[in-house]
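Side-chain atoms are counted along with the backbone in the values below, which use heavy atoms only and exclude waters and symmetry mates. Quick caveat, the model's predicted, so the values are computed rather than measured.
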Amino acid sequence: MKRIGVLTSGGDAPGMNAAIRAVVRKGIYHELEVAGVYSGYQGLIEGKIEKLEAGDVGDIIQRGGTKLYSARCPEFKTSEGREKAVRNLKEHGIEGLVVIGGDGSYRGAMELTKLGIPCIGVPGTIDNDIPGTDYTLGFDTALNTVIEAIDKIRDTATSHERTFVVEVMGRDAGDLALWAGLAGGAESILIPEEPYQLDDMIARLEKGKKRGKKHSIIIVAEGVTDGNTLAREIADKAGVETRVSVLGHIQRGGSPTARDRVLGSLFGARAVEVLMAGGKGRAIGMRNHQVVDYDMTQAFTESHETDMSLYTLSKELSI
Ligand code: F6P
């Protein structure tokens with residue numbers, strides 16, 4: 001293998017740049033040429049491919065977003081789109097590709113692998129929803145962003161003795177909401193993995209108020225319902241007026257935490273090692289504090305397991 005490529009696809013996540021840097025430098029360290037594909041699968045179809053030198057990935061480890069840009073690409077779901085992509089990869093002499101993204105990006109990578117381009121997946125998404133890995137790149141940074149927001153909301157919530165609903169991202173997974181709720185001391189956490197009962201939530205709010213709580217914070221994962229709908233339900237049922245904060249894309253940006261930089265470096269480097277060893281259709285992950293590689297299809301045929309012990313604990317602690 002002489003030349004490999006790297007791309008980022010789907011929603012960007014802090015730590016992707018650390019992974020790009022690791023792929024490029026680990027490749028060059030092992031005397032490979034490394035090409036960057038710009039704008040994900042869209043750029044692959046359009047041939048936006050450039051050779052990257054060690055210096056091209058300098059000064060990016062601390063930056064959020066992705067130096068290679070990202071996109072969601074419907075054209076890549078067609079066989080014509082994928083054939084164009086393969087043609088471009090072959091024209092550029094790219095013999096293996098590292099795809100940094102979420103499960104949708106992995107599906108694309110598997111298709112390319114079937115068409116003869118060995119691909120390795122690196123889990124990059126703030127949602128922490130990829131089966132086979134305990135953590136995804138960007139989750140820790142997004143979590144810290146949410147915590148910072150909750151801490152600020154708490155100040156104003158206390159001052160006015162108010163109830164706040166905070167809506168967080170996570171697509172169909174509740175990890176971001178759950179971890180943020182536990183770390184932020186939220187009174188209630190609503191996640192898709194656990195059906196919510198409005199009566200129970202309202203009873204908890206009232207109990208807290210009686211014992212002298214000055215504020216209540218309810219974290220709702222976007223996969224359950226939107227914050228404004230929930231606020232209306234609470235007002236209709238309990239007559240409690242709330243304020244709503246939808247954190248939105250703020251959660252995707254910002255300088256990656258040390259943890260995401262280290263994860264990105266470990267994942268990117270391992271991806272290159274696996275490619276060099278002849279691996280194809282493999283995904284990189286972290287399990288029980290060990291970097292692992294596994295069959296990429298597992299990432300979209302199995303379901304992600306949220307750590308529900310955290311949910312139980314949060315209920316015990318938010319009395
Ligand atoms: O997958 C990452 C994510 O930020 C999800 O949490 C969210 O549902 C989605 O992407 C938003 O996507 P877009 O940026 O395309 O609106």
Side-chain angles (χ1 to χ4, degrees), residues 1-10 12-37 40 52 54 56-58 60-62 66-68 70 94-110 112-113 117-141 256-300 302 304:
M1 189 169 272
K2 288 200 177 70
R3 195 164 216 234
I4 62 170
V6 55
L7 64 78
T8 48
S9 160
D12 60 305
M16 280 183 162
N17 279 328
I20 295 167
R21 172 180 177 270
V23 171
V24 171
R25 295 209 173 153
K26 180 82 174 175
I28 291 172
Y29 180 84
H30 289 289
E31 294 175 359
L32 295 173
E33 278 183 14
V34 187
V37 179
L52 294 173
D56 293 325
V57 290
I60 65 168
I61 196 166
Q62 79 284 17
T66 158
K67 179 193 166 67
L68 292 176
S70 193
I94 295 173
E95 299 159 277
L97 186 67
V98 178
V99 172
I100 308 169
D103 58 349
S105 312
Y106 279 18
R107 282 175 202 272
M110 209 56 222
L112 280 180
T113 303
I117 308 286
C119 290
I120 307 297
V122 166
T125 164
I126 64 163
D127 301 334
N128 206 43
D129 62 348
I130 301 189
T133 182
D134 295 340
Y135 298 105
T136 59
L137 272 184
F139 174 64
D140 187 61
T141 308
T257 57
R259 187 181 170 82
D260 276 333
R261 298 180 200 194
V262 171
L263 272 190
S265 305
L266 287 169
F267 286 171
R270 178 65 167 263
V272 173
E273 281 168 9
V274 174
L275 266 184
M276 286 171 62
K280 51 180 95 156
R282 310 285 296 165
I284 310 298
M286 175 71 79
R287 253 182 252 153
N288 301 323
H289 307 287
Q290 298 293 319
V291 179
V292 293
D293 63 271
Y294 57 99
D295 182 353
M296 195 192 282
T297 50
Q298 213 183 308
F300 42 84
E302 294 182 3
H304 162 67

List in chain and number order the residues that pass side chain to side chain contact (heavy atoms under 4.5 Å, CB included) with S105, two or more places apart in sequence or in another chain; answer none if no residue qualifies.
S9, Y41, V99
Taking distance alone, no hydrogens or angles, what donor-acceptor pairs closer than 3.5 Å link side-chain atoms of residues 260-270 to residues at least two apart or in another chain?
unit_1	atom_1	unit_2	atom_2	d
D260	OD1	G138	N	3.1
D260	OD2	G138	N	3.3
D260	OD2	T141	N	2.9
D260	OD2	T141	OG1	2.5
R261	NE	P256	O	2.9
R261	NH2	S255	OG	3.0
R261	NH2	P256	O	3.2
S265	OG	R261	O	2.7
R270	NE	D293	OD1	3.4
R270	NH1	V291	O	3.1
R270	NH2	D293	OD1	3.0

Using 0.5 Å steps for rounding, measure from the CD1 atom of I120 to the CD1 atom of I4.
9.5 Å
Taking atom NZ of K280 and atom CG of L112, what is their separation to the nearest 0.5 Å?
13.5 Å
Are any side-chain N or O atoms of D134 and backbone N or O atoms of H289, one a donor and one an acceptor, separated by less than 3.5 Å?
no
Has the side chain of N128 got a donor or acceptor atom that lies under 3.5 Å from a matching backbone atom of T136?
yes
Residues in side-chain hydrogen bond (donor to acceptor under 3.5 Å, both in side chains) contact with T125, at least two apart in sequence or another chain
D127
Roughly how far, to the nearest 0.5 Å, is the CG atom of D103 from the CD atom of E302?
12.5 Å
What pairs with D295 under side-chain hydrogen bond (donor to acceptor under 3.5 Å, both in side chains), at least two apart in sequence or on another chain?
T297
Considering only heavy atoms from C-beta outward, does the side chain of D140 approach that of P14 to under 4.5 Å?
no
Quick one: side-chain hydrogen bond (donor to acceptor under 3.5 Å, both in side chains) partners of R3, sequence neighbours excluded?
E33
Would you say N17's side chain and K67's backbone share a donor-acceptor pair under 3.5 angstrom?
yes
Is the closest side-chain heavy-atom distance between C119 and Y106 below 4.5 Å?
no
Give me each pair satisfying salt bridge (charged side-chain N to carboxylate O under 4.0 Å, His left out) with a member in residues 22-31, each pair once, sequence neighbours excluded.
K26-E273
Pairwise distance CD1(I20) to CG(L68) - rounded to 0.5 angstrom
4.0 Å
Side chain to side chain contact (heavy atoms under 4.5 Å, CB included), that's the test. Do V24 and D56 meet it? Break it down for me.
CA-CA 9 Å; V24 171; D56 293 325; over 6 Å; no
